[in-house]
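Written below as structure tokens is the structure these notes are about.
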Amino acid sequence: MASVPSLASTVQQRLADGLSAALPEAASADPLLRRSDRADFQANGILALAKQLKGNPRELATKVVDAIPANDVLKEIEVSGPGFLNITVTDAAIVRTLAARAADARLGVPFNESAGTTVIDYAQPNVAKEMHVGHLRSAVIGAAMVEILEFTGETVVRRHHIGDWGTQFGMLIQFLIEHPHELDHKAEDGGEVSGEEAMSNLNRLYKASRALFDSDEEFKTRARARVVDLQAGDEETLALWQRFVDESKIYFYSVFDKLDMDIRDGDVVGESGYNDMLVETCRILEESGVAVRSEGALCVFFDDVKGPDGNPTPLIVQKSDGGFGYAATDLSAIRDRVQNLKATSLLYVVDARQSLHFKMVFETARRAGWLNDEVKAVQLAFGTVLGRDGKPFKTREGETVRLVDLLDEAVDRATAVVREKAEKVGLTETEIVENGLHVGIGAVKYADLSTSAARDYKFDLDQMVSLNGDTSVYLQYAYARIKSIFGKAGDRTPAAHPELELAPAERALGLHLDRFAETVAEAATEYAPHKLTAYLYQLASLYTTFYDQCPVIKPEPPKEIAENRLFLCDLTARTLHQGMALLGIRTPERL
């Protein structure tokens, strides 16, 4: 269906018409409309226009207001201060606009059919290594951006750039050749190996091979020779390498499943996926002069990147011994994503501590012509997960926290919270377990997403599963509360009534509901899922005030008022549900 105009766009058009009528010489001027705490909207554009026309801004503002004919959208326009316009819209305009949004399955969010293709690089675990708390943010933020961008019309290609190559595999493969049954373990019940069992096998093998590598020089020599075999494509070596990758994927997918994330096998293209491109990437960079040889290594230099000694610090694409580093792989990945996947945007959801590396990689790709005005690359850099003490999150023993342990504890805590309320709602044991899962995982995701990605945040499970404050549980309970209202509504149904006067809490809720589409657009264009979480939290808060001040069922209001309030309830529930889905968070109907 056609796009649904927001109140802001309607008001903007009325102001533009007034400007054009009052000041024909300024017909194309932007009224600079924004939401306001002093009225429904404020327009500031006349201040800049007055400077341009060398006129008195208050007089010009008054002239514009007088040129706007009486209408059913603008209730009041007040000229304030040096020439601001404070605008209040009619209650009827609010309800009519919301009714149009409610009639749209997308709640008024436009779908841009001419949008480009974004490749999102996120959730990048390492083969044969456990996922820890440091992997959480890339996975959660990346998955949310996939949903948000796809919803707005972008074609999204997921890429999980797993660490599946490098010198450690020589050690692991050589050990497996000499101990061929180390990965032959079956599940305890005789069925498929679980993710935990797969990781346990890999952990045991890694520790054993590392101990031998560190203590036995002859094994170390054989392991290093095995790296050469791997890079040369030796058939036996590659087959054993594939076993490590396959075993690790069983584990990865089990963790992503706990996170309620959809990871497809075809989207997993690790470092090894670009091996065949490395030599050509280096050749192109060297022949074009983008990279130069320095002490035998192929390097790219930058005027603004210097080491502590003041000397230039280069991006090393190929080492002096002929080996390739991360830069060669990352640059080859850019070539593949731009030339083969036809990407117009590359989004890397990667730890902020790698910002310098990606700054250098992106600049190198620009110099090579792979990035340009039509194709951009952005690092969505994220901060560190901290413990309550404000230091990087560790176990009491000082070890990095395993991601699976963290998720299991979150689910346990959330299940306890759900169980406390279960009897009142009449939940079955199956519903308690299922809701505990959705609440626990939702709490972890929301805590991550509600913080600006660039900032560090404290991981506090007690706060995350709290029913009060800025938590996903608060939003989930708001949604479940609305659903319970409809269970008690009897034969009353939602219906918009523009002829009614709105109570202050109804107005505030309605005006906020109108902002959903612009918030989603902002989160998409700025790669800022935290702006969507802030919107949803405010929506739940405004609904709580509405629920307290505006009876829907008891005491029973007149029919039209009840229908209009049910209409606001229904649109709030749909907006919460859709918004949370874009963040990858479930909204149980009974809590």
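Numbers here simply count residues along the sequence, with the first being 1. Since the structure is predicted, the reported quantities are computational estimates derived from the model, not experimental observations.
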Exercise: identify the closest heavy-atom pair between [X] and [Y]:
X	Y	result
A328	S332	O-OG, 2.8 Å
R159	Y274	CD-OH, 4.3 Å
D456	T451	O-CG2, 4.0 Å

Would you give the length of the straight line joining atom [atom1] of [X] to atom [atom2] of [Y], rounded to the nearest 0.5 angstrom?
X	Y	atom1	atom2	result
L315	Y326	CG	OH	13.5 Å
M145	L449	CE	CG	10.5 Å
S466	L461	OG	CG	12.0 Å
D514	L107	CG	CG	12.0 Å
T117	L346	OG1	CG	10.5 Å
L32	Q12	CG	CD	8.0 Å

Original post:
Do F546 and Y543 make the cut of ring centroids closer than 6.0 angstrom?
Top reply: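 Ring-ring flag for F546/Y543: true, centres closer than 6.0 Å.
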**OP:** Please list all pairs passing the side-chain hydrogen bond (donor to acceptor under 3.5 Å, both in side chains) test where one or both residues lie in residues 569-587, with sequence neighbours left out.
**Re:**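 Qualifying pairs: D260-R586, H577-T587.
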Original post:
Tell me, which pairs form a side-chain hydrogen bond (donor to acceptor under 3.5 Å, both in side chains) where one or both residues lie in residues 36-45, sequence neighbours left out?
Top reply: R34-Q42, D40-R507, Q42-N86
Subject >> Qualifying ring pair (Phe, Tyr, Trp, His ring centres under 6.0 Å) pairs with a residue from residues 443-472, counting only residues at least two apart or across chains >> reply: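 Applying ring pair (Phe, Tyr, Trp, His ring centres under 6.0 Å) to every pair that reaches into residues 443-472, excluding sequence neighbours, yields F393-F459.
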Original post:
Going by the ring pair (Phe, Tyr, Trp, His ring centres under 6.0 Å) test, which pairs reach into residues 332-351, not counting sequence neighbours?
Top reply: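 Every pair satisfying ring pair (Phe, Tyr, Trp, His ring centres under 6.0 Å) with a residue in residues 332-351: Y348-F358, Y348-F362.
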Residue pairs fulfilling salt bridge (Lys or Arg N to Asp or Glu O under 4.0 Å) with at least one residue in [range], sequence neighbours excluded:
range	answer
residues 147-157	E150-R158
residues 5-14	none
residues 122-133	E130-R402
residues 344-357	D351-R353

[X]/[Y] ion pair, N-O < 4.0 Å:
X	Y	value
E363	K359	no
E518	R35	yes
D389	K458	no

Subject >> Test side-chain contact (heavy atoms from CB on, under 4.5 Å) applied to K376 - qualifying residues, sequence neighbours left out >> reply: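 K376: side-chain contact (heavy atoms from CB on, under 4.5 Å) contacts with S345, V378, Y527.
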**OP:** Output all residues satisfying ring-ring contact (aromatic ring centres under 6.0 Å, His included) with Y535, sequence neighbours left out; order by chain, then residue number.
**Re:** H512, F516
**OP:** Under the ring-ring contact (aromatic ring centres under 6.0 Å, His included) rule, collect the residues that match up with W370, sequence neighbours excluded.
**Re:** none
Subject >> Check: H438 side chain, N435 main-chain N or O, donor-acceptor pair, under 3.5 Å >> reply: no
**OP:** Output, in order, the C-alpha distance, side-chain angles, deciding distance and verdict of side chain to side chain donor-acceptor pair (under 3.5 Å) for D164 and S272.
**Re:** CA-CA 6 Å; D164 65 351; S272 64; 2.6 Å; yes
Original post:
Should we say atom CG of D304 is surrounded by more than 12 heavy atoms from elsewhere, each under 6.0 Å from it?
Top reply: yes
Enumerate, atom names and distances included, each donor-acceptor pair closer than 3.5 Å involving a side-chain atom of residues 119-126, sequence neighbours excluded.
residue: D121; atom: OD1; partner: Q124; partner atom: NE2; Å: 2.9
residue: D121; atom: OD2; partner: R337; partner atom: NH1; Å: 3.0
residue: D121; atom: OD2; partner: R337; partner atom: NH2; Å: 3.1
residue: Q124; atom: OE1; partner: S138; partner atom: OG; Å: 3.0
residue: Q124; atom: NE2; partner: D121; partner atom: O; Å: 3.2
residue: Q124; atom: NE2; partner: V349; partner atom: O; Å: 3.4

